[in-house]
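This report refers to the structure that appears directly beneath it.
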Amino acid sequence: MRIIKAKDYDDLSRKAANIISAQVLLKPDCVLGLATGSTPIGTYKQLIEWYNKGDLDFSETRSVNLDEYRGLTRDNDQSYYYFMYNNLFKHININMENTNVPDGTEPDSDKECSRYEKVIEAYGGVDLQLLGLGHNGHIGFNEPDKDFAQTTHCVDLTQSTIEANKRFFASIDDVPKQAYTMGIGTIMKARKILLVVSGADKAQILHDVLCGPVTPEVPASILQLHSDVIVVADEAAMAKL
Ligand code: GLP
């Protein structure tokens with residue numbers, strides 16, 4: 001595991017964008033695993049800036065997102081599809097047909113989850129998976145649990161995740177209670193993983209993820225067992241390391 005210390009959020013965003021850029025330059029038709037949440041927004045802004053300068057070309061790049069709220073349509077401004085479209089896809093030359101987000105409107109969760117796994121398989125797997133970190137150690141929407149979930153599945157969101165995400169919704173009742181997410185097994189199959197963590201409120205959980213025992217109670221702790229993980233965190237998030 002490589003741990004890169006960033007001065008602050010902007011520095012973190014540039015460093016993470018540099019790593020993604022290198023991937024796209026080295027393998028233009030790479031499969032990027034993408035993430036939502038507030039942490040990657042700066043990374044996406046930086047990529048857009050370099051794209052606009054002519055330094056990056058996403059025309060052959062393929063993408064698979066980690067997760068989506070169950071029940072939200074693509075045009076719902078809280079859906080992760082909407083997030084990805086507005087924070088990245090519409091600003092770059094990625095072919096929208098090569099972008100994938102689980103379909104939150106598919107009511108048959110088994111059908112949607114196995115379809116999604118097949119998409120990733122047909123792509124030949126993920127080259128670089130970007131991850132944010134939930135306050136309880138979740139990655140994607142893999143919440144603390146008794147076991148590590150293997151493949152894409154439907155999850156019940158924990159109360160703390162619902163609380164954390166309510167700021168984006170009109171009221172807490174509007175926050176979806178379930179999501180479709182890649183499993184821990186799906187994430188661990190990515191050839192390279194880039195975890196981005198920012199802010200003092202993540203310091204304790206980042207410590208537990210990197211220095212604590214590997215346990216499904218802290219889902220991201222499994223990353224200790226992956227052979228190619230880069231963590232880019234700012235000073236505030238690294239305060240307890
Ligand atoms: C959501 C997403 C996660 C993300 C997490 C942390 O729950 N499903 O993929 O990592 O939020 O988000 P933030 O970066 O806003 O702290």
Side-chain angles (χ1 to χ4, degrees), residues 6 8-10 12-13 15-17 20 32-46 63-72 76-84 86-88 100-102 104 113 116 126 128-145 149 152-169 172 174-184 186-188 190 193-210 218-223 229-234 236-238:
D8 51 25
Y9 180 72
D10 286 347
L12 173 155
S13 300
K15 285 181 161 60
I20 298 171
L32 295 179
L34 297 176
T36 55
S38 44
T39 315
I41 290 179
T43 305
Y44 294 149
K45 279 201 178 120
Q46 185 61 75
S63 75
V64 283
N65 259 79
L66 281 167
D67 48 11
E68 178 59 284
Y69 287 115
R70 189 175 188 203
L72 297 195
N76 184 307
D77 63 5
Q78 292 311 323
S79 76
Y80 285 170
Y81 182 94
Y82 188 97
F83 175 102
M84 288 311 302
N86 287 287
N87 285 296
L88 183 64
N100 298 272
V101 180
C113 294
Y116 206 66
V126 173
L128 174 64
Q129 177 66 57
L130 176 64
L131 296 176
L133 182 64
H135 288 96
N136 57 8
H138 75 221
I139 44 179
F141 266 135
N142 290 279
E143 298 281 31
D145 207 341
T152 303
H153 60 292
C154 180
V155 283
D156 294 328
L157 302 180
T158 62
Q159 199 52 37
S160 76
T161 299
I162 293 171
E163 286 285 339
N165 291 350
K166 75 174 182 204
R167 61 201 153 118
F168 303 115
F169 292 83
I172 193 158
D174 294 328
V175 187
K177 307 292 180 286
Q178 290 186 314
Y180 294 148
T181 181
M182 282 186 196
I184 293 289
T186 325
I187 293 169
M188 288 294 280
I193 292 180
L194 171 59
L195 176 70
V196 287
V197 191
S198 170
D201 55 324
K202 298 273 177 78
Q204 185 59 49
I205 193 65
L206 184 60
H207 167 273
D208 297 349
V209 164
L210 300 181
V218 181
S221 64
I222 192 89
L223 299 176
V229 176
I230 306 172
V231 180
V232 183
D234 58 20
M238 288 178 84

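Indexing begins at 1, ligand by ligand and atom by atom, following the structure's order.
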Original post:
Only one of Ile230, Ile187, Val126 clears side chain to side chain contact (heavy atoms under 4.5 Å, CB included) with Ile193; which?
Top reply: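 Going through Ile230, Ile187, Val126 one by one, the side chain to side chain contact (heavy atoms under 4.5 Å, CB included) with Ile193 is satisfied by Ile187 alone.
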
Original post:
Per the side chain to side chain contact (heavy atoms under 4.5 Å, CB included) rule, which among Val196, Leu223, Val231 passes with Leu131?
Top reply: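 Looking at Val196, Leu223, Val231, the match for Leu131 under the side chain to side chain contact (heavy atoms under 4.5 Å, CB included) is Leu223.
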
Original post:
Heavy atom of Lys202 under 4.0 Å from ligand 1?
Top reply: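 Yes; Lys202 lies near enough to ligand 1 that a heavy-atom distance drops under 4.0 Å.
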
Original post:
For ligand 1, is Gly140 a contact, meaning one of its heavy atoms is under 4.0 Å away?
Top reply: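 Yes.
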
Subject >> Check: Tyr81 main-chain N/O paired with Glu68 side-chain donor or acceptor under 3.5 Å >> reply: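 Answer holds: yes.
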
Subject >> Leu157 backbone acceptor or donor facing Glu143 side chain under 3.5 Å >> reply: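 Not at all, since once roles are kept as given, no pair shorter than 3.5 Å links the two residues.
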
Subject >> Counterpart residues, side chain to side chain donor-acceptor pair (under 3.5 Å), relative to Asn165 (two or more places apart) >> reply: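 Partners of Asn165 by the side chain to side chain donor-acceptor pair (under 3.5 Å) criterion, ordered by chain and then number, come out as Tyr69.
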
Could you tell me which atoms of ligand 1, counted from 1 in the order shown, lie closer than 4.0 angstrom to a heavy atom of [X]?
| X | result |
| --- | --- |
| Thr39 | 13 (P), 14 (O), 16 (O) |
| Tyr80 | 1 (C), 2 (C), 8 (N) |
| Gly132 | 10 (O) |
| Phe141 | 7 (O), 8 (N) |

Original post:
Does the side chain of Tyr9 come within less than 4.5 Å of Ile41's, by heavy atoms?
Top reply: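 When only atoms from C-beta onward are counted, Tyr9 and Ile41 do touch, with a gap below 4.5 Å.
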
**OP:** Counting heavy atoms only, name the option from Arg167, His138, Met182 that's nearest to atom 7 (O) of ligand 1.
**Re:**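 Looking at heavy atoms only, His138 sits closest to atom 7 (O) of ligand 1.
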
Original post:
Taking non-hydrogen atoms only, is Leu133 closer than 4.0 angstrom to ligand 1 via side chain, backbone, both or neither?
Top reply: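 Backbone only.
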
**OP:** Using a 4.0 Å heavy-atom threshold (strictly under), name the region of Ser38 that reaches ligand 1: side chain, backbone, both or neither.
**Re:**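 Both of them.
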
Original post:
Got the closest protein heavy atom to atom 4 (C) of ligand 1, with its distance?
Top reply: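 Residue, atom and distance for the closest contact: Thr36 O, 4.0 Å.
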
Original post:
How far is atom 12 (O) of ligand 1 from its nearest protein heavy atom, and which residue and atom is that?
Top reply: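 Atom 12 (O) of ligand 1 sits closest to the protein heavy atom Gly37 CA, 3.8 Å.
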
**OP:** Using the salt bridge (charged side-chain N to carboxylate O under 4.0 Å, His left out) rule, collect all pairs that involve residues 152-163, keeping only residues at least two apart or in two chains.
**Re:**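 Every pair satisfying salt bridge (charged side-chain N to carboxylate O under 4.0 Å, His left out) with a residue in residues 152-163: Glu163-Lys166.
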
